[in-house]
Amino acid sequence: MALRDDYLENPAKRVKLRIRRLLRRELPLSTIYLARFLIGKTIVREISGARLAGRIVETEAYLTGDAACHAFRGQTPRNKSLFLGPGHAYVYFIYGSSFMLNVSSVKAGVGEGVLLRAAEPLEGIDVMQRYRGTDRLVDLARGPGRLAEAFDIDRSLDGVDLCSRGPLWLGTSVREPARIGESVRIGINVDADRVLRFYERGSPFISGTRKLNVS
DNA sequence: AGTGCGATTGACT
DNA sequence: GTCAATCGCACTA
């Protein structure tokens with residue numbers, strides 16, 4: 001793939017793409033629509049003068065009444081950011097090893113959100129390679145824990161407004177996504193049959209098995 | 001205060 | 001393909 005080869009030949013290249021912050025009113029009010037909408041949009045991390053950017057290629061929706069949603073049993077100290085209203089970061093720690101980044105949805109007081117599961121590195125690739133300890137472009141943010149590690153995301157960013165100037169925000173698309181595929185969510189044991197995972201078909205940057213990418 | 005487990009990852013057969 | 005590591009949190013008492 002030409003795009004990938006270009007990246008590999010220029011690993012330290014510091015491109016600066018034209019990306020503007022998404023306005024809160026641009027976010028779909030439905031969490032499922034938001035999960036689809038975010039495919040192809042960008043996630044931008046500003047840290048000590050550097051800018052990291054990735055193109056979101058895989059998401060999952062977590063809904064009210066959904067037993068797999070962390071807010072299923074109401075608000076707790078951990079999940080409170082899910083209830084902040086649309087466009088806030090909900091960051092949590094899981095398996096003793098990984099952070100996960102979600103975008104809160106709907107409206108204040110409602111605990112729904114979208115998990116960002118994978119991104120295509122765009123800017124700050126050399127910095128991501130350092131955080132991740134690998135040079136392989138497709139492995140930098142392929143999977144939710146890897147995405148958080150590549151972007152240096154931890155609980156200090158929990159609750160951050162993703163539609164405001166700050167250390168982490170959502171940006172416009174730099175390239176329209178290919179056709180969007182759907183599947184069941186990955187790693188879920190309850191409400192496991194619901195089709196709430198979305199991804200850019202054909203992207204080498206998505207997680208999951210071949211089997212899940214056929215739909 | 002104790003317990004069970006998870007929206008995963010990396011190492012290994 | 002399989003599997004153990006690892007720890008914060010929610011739940012029970």
Side-chain angles (χ1 to χ4, degrees), chain A residues 30-32 34-39 43 54 56-84 88-106 110-119 121 128-160 162 168 170 180-200 203-215:
Chain A
S30 150
T31 301
I32 292 178
L34 177 65
R36 295 190 70 110
F37 170 84
L38 288 177
I39 301 294
I43 180 74
I56 299 164
V57 293
E58 181 183 349
T59 62
E60 284 177 354
Y62 289 85
L63 310 175
T64 299
D66 166 9
C69 180
H70 284 183
F72 183 61
R73 290 181 171 79
Q75 189 170 333
T76 68
R78 175 173 74 153
N79 68 25
K80 60 178 161 37
S81 296
L82 267 185
F83 294 81
L84 290 175
H88 294 263
Y90 165 45
V91 180
Y92 67 92
F93 185 65
I94 189 93
Y95 293 123
S97 59
S98 304
F99 292 98
M100 309 273 140
L101 171 64
N102 297 252
V103 179
S104 64
S105 184
V106 190
V110 174
E112 299 197 12
V114 174
L115 171 70
L116 303 190
R117 285 195 58 92
M128 295 185 195
Q129 288 170 329
R130 205 166 65 238
Y131 285 137
R132 288 277 298 119
T134 179
D135 285 346
R136 273 182 60 82
L137 193 70
V138 297
D139 288 338
L140 293 182
R142 186 175 52 93
R146 293 167 178 155
L147 187 156
E149 189 172 46
F151 285 81
D152 193 31
I153 290 166
D154 61 24
R155 286 223 72 185
S156 69
L157 294 173
D158 185 45
V160 161
L162 299 173
L168 186 66
L170 290 167
I180 294 176
E182 306 177 343
S183 81
V184 296
R185 295 172 292 186
I186 294 177
I188 294 292
N189 295 306
V190 289
D191 265 323
D193 295 334
R194 305 182 72 173
V195 177
L196 294 172
R197 171 175 174 259
F198 304 93
Y199 58 91
E200 178 179 46
S203 171
F205 301 98
I206 59 177
S207 71
T209 67
R210 172 173 288 149
K211 180 184 167 195
L212 286 175
N213 296 333
V214 296
S215 71

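Sequence lines set the chain letters: A, B, ... in the order given, protein chains first and strands last, and positions in each chain run from 1.
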So, for A/Gly65 and A/Arg194, which heavy atoms are closest and what is the spacing to 0.1 Å? O-NH1, 4.4 Å

Quick one: side-chain hydrogen bond (donor to acceptor under 3.5 Å, both in side chains) partners of A/Thr76, sequence neighbours excluded? A/Asn79

Are any of A/Arg155's side-chain N or O atoms less than 4.0 Å away from OP1 or OP2 of C/dC9? yes

What string of B, S and - do you get for nucleotides 7-13 of chain B 5' to 3' if you count protein non-hydrogen atoms under 4.0 Å? BBSS---

Watson-Crick or G-U wobble partner of B/dT3, both distances under 3.5 Å: C/dA10

Specify the separation, in whole Å, of atom NZ of A/Lys80 and atom P of C/dA10. 10 Å

Rounded to whole Å, please give me the gap between CZ in A/Arg73 and P in B/dG6. 11 Å

Validation row: A/Leu196, A/Glu60 side chains within 4.5 angstrom (heavy atoms): no

Charged N-O contact under 4.0 Å between A/Arg185 and A/Asp66: yes

Report yes or no: is the cationic atom of A/Arg142 (NZ for Lys, CZ for Arg) closer than 6.0 Å to the six-membered ring centre of A/Phe205, at no more than 45° off its axis? no

Kindly determine whether A/His70 and A/Tyr62 satisfy ring-ring contact (aromatic ring centres under 6.0 Å, His included), including the steps that lead there. CA-CA 8 Å; A/His70 284 183; A/Tyr62 289 85; 7.3 Å; no

Name the residue closer to the 5' end of DNA chain C, choosing between A/Phe93 and A/Asn79 according to the nucleotide with the nearest heavy atom. A/Phe93

